[in-house]
Every structure is written in C-alpha cells, then in structure tokens.
Amino acid sequence: MRIGELSRRTGVSQRLLRYYEEQNLLTPHRLTSGYRVYEPADELRVAHIRSLLAAGLSTETIAEVLPCMGVDGERLIASICPELVDELLVERARIADSIRSLQEAQSALDAIITAKPAASSTAAQAPAESRSTSLAG
DNA sequence: ATTCTAACA
DNA sequence: TGTTAGAA
C-alpha cells in the first residue's frame, strides 16, 4: 500500500509517516515513481511506534529497541530480550527523575504563591501595562 | 487523483 | 507537525 492508505488506516498523517522514515522507524520500498510502498505489517508497526512514543521514548531509542521487541497479538513484549529490558528500565529511571524534578519546581512555586508579606515588607510595584505595538498605535 | 521534496505567515 | 508550492 502507498502512504495515503497507511495514513488512513493508522490515523497518522502522511507528514508524520515520512518523518518516521527519516528517523529510521519505517523503511518502505520505493516505486520507480519514487512513491513509498508499505507492507501490510507496517500498519501494526506504526501502532507500536505510537505506543513507544506515548511511553516517552525518543525516536532514536525506539529505532534501536523496536527490532528486539516481541509481539503478542497487538501488544508489544520486551521480556524477549533481557538487554532491552535493562534499557527500558533506564528510560523508566529518567522519567522518575523528571517527576522528582517537576515536583520540586511545583513546591518552589507553591512557596512563592502562598508566601505572605511581613508587616514592614517593601512591596515591589506592579509593572505598568506593556504595549506590544508602537506608541502611535 | 496521489505522492514527492523542501521550506516556512 | 501542519501546511503549501511546484513538479512528476
């Protein structure tokens, strides 16, 4: 099938499908016309790519991890390859780290939001309305 | 009618 | 990622 059909069947835009190819996630053949030709199995492959992206993996990581993935019906299985599981655990650790970082940012913001002025505090003056256009307007 | 590449109000 | 111009 060509890109238009794969796009319809997967709900992924043609632009994105070409992007996935650029990222080495898909490798369609080419007709002499230059048109891309996809295998029927690519429909499921695209779904798997979407799942991995939703899991927060980069296209680079997906490219090296996808070939090791096992498939159970529609679902992806990582347990087939032990080294793969290790890498995914590293990704999981990155996510846990990001969460910790965001929680700290949230706490810092909360401290500023709830802070109340002391009786003699010198309050900063609110800046005047800013105009994005010229004075002449 | 479809797809391709390249580029950006 | 969308959109789009210009060509095949």
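Proteins get letters first, then strands, A, B, ... in listed order; numbering begins at 1 in each.
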- Length of the line joining A:Glu22:CD and B:dA7:C1', which is rounded to integer Å: 13 Å
- Message: From CD of A:Gln14 over to P of B:dT5, roughly how many Å is that when rounded to an integer?
- Response: 12 Å
- Message: Test your reading of the model: is there a side-chain donor-acceptor pair from A:Arg36 to the backbone of A:Leu17, 3.5 Å cut-off?
- Response: no
- Under 3.5 Å, side chain of A:Ser101 to main-chain N/O of A:Asp97, donor-acceptor pair present? no
- Message: Could you tell me how far apart A:Gln23 (CD) and C:dT1 (P) are, to the nearest whole angstrom?
- Response: 11 Å
- Note on the structure: Assign each of A:Tyr35 and A:Leu53 the nucleotide of DNA chain C bearing its closest heavy atom; nearer the 5' end lies the nucleotide of A:Leu53
- Query: Who does B:dA9 pair with, Watson-Crick or G-U, both distances under 3.5 Å?
  - Reply: none
- Item | Candidates B:dT5, C:dT1, B:dT3 - which lies nearest the side chain of A:Tyr20 | C:dT1
- 5'-most by nearest nucleotide on DNA chain B - A:Tyr38 or A:Arg15: A:Tyr38
- Query: Between A:Arg30 (CZ) and B:dT3 (P), how many Å, whole number?
  - Reply: 13 Å
- Note on the structure: Taken to the nearest whole Å, CG/A:Leu6 to P/B:dT3 is 11 Å
- Residues A:Arg18 and A:Glu22 bridged, charged N to O under 4.0 Å: no
- Please give, in whole Å, the distance from B:dA1 C1' to A:Glu5 CD? 15 Å
- Query: Would you call A:Arg30 and A:Glu21 a salt bridge, using N to O less than 4.0 angstrom?
  - Reply: yes
- Message: Please classify the nucleic acid contact of A:Ser13 as base, sugar-phosphate, or nothing, using heavy-atom distances under 4.0 Å.
- Response: sugar-phosphate
- Length of the line joining A:Arg18:CZ and B:dT5:P, which is rounded to integer Å: 7 Å
- Query: Expressed in angstrom and rounded to an integer, what is the separation of A:Ile3 atom CD1 from B:dC4 atom C1'?
  - Reply: 9 Å
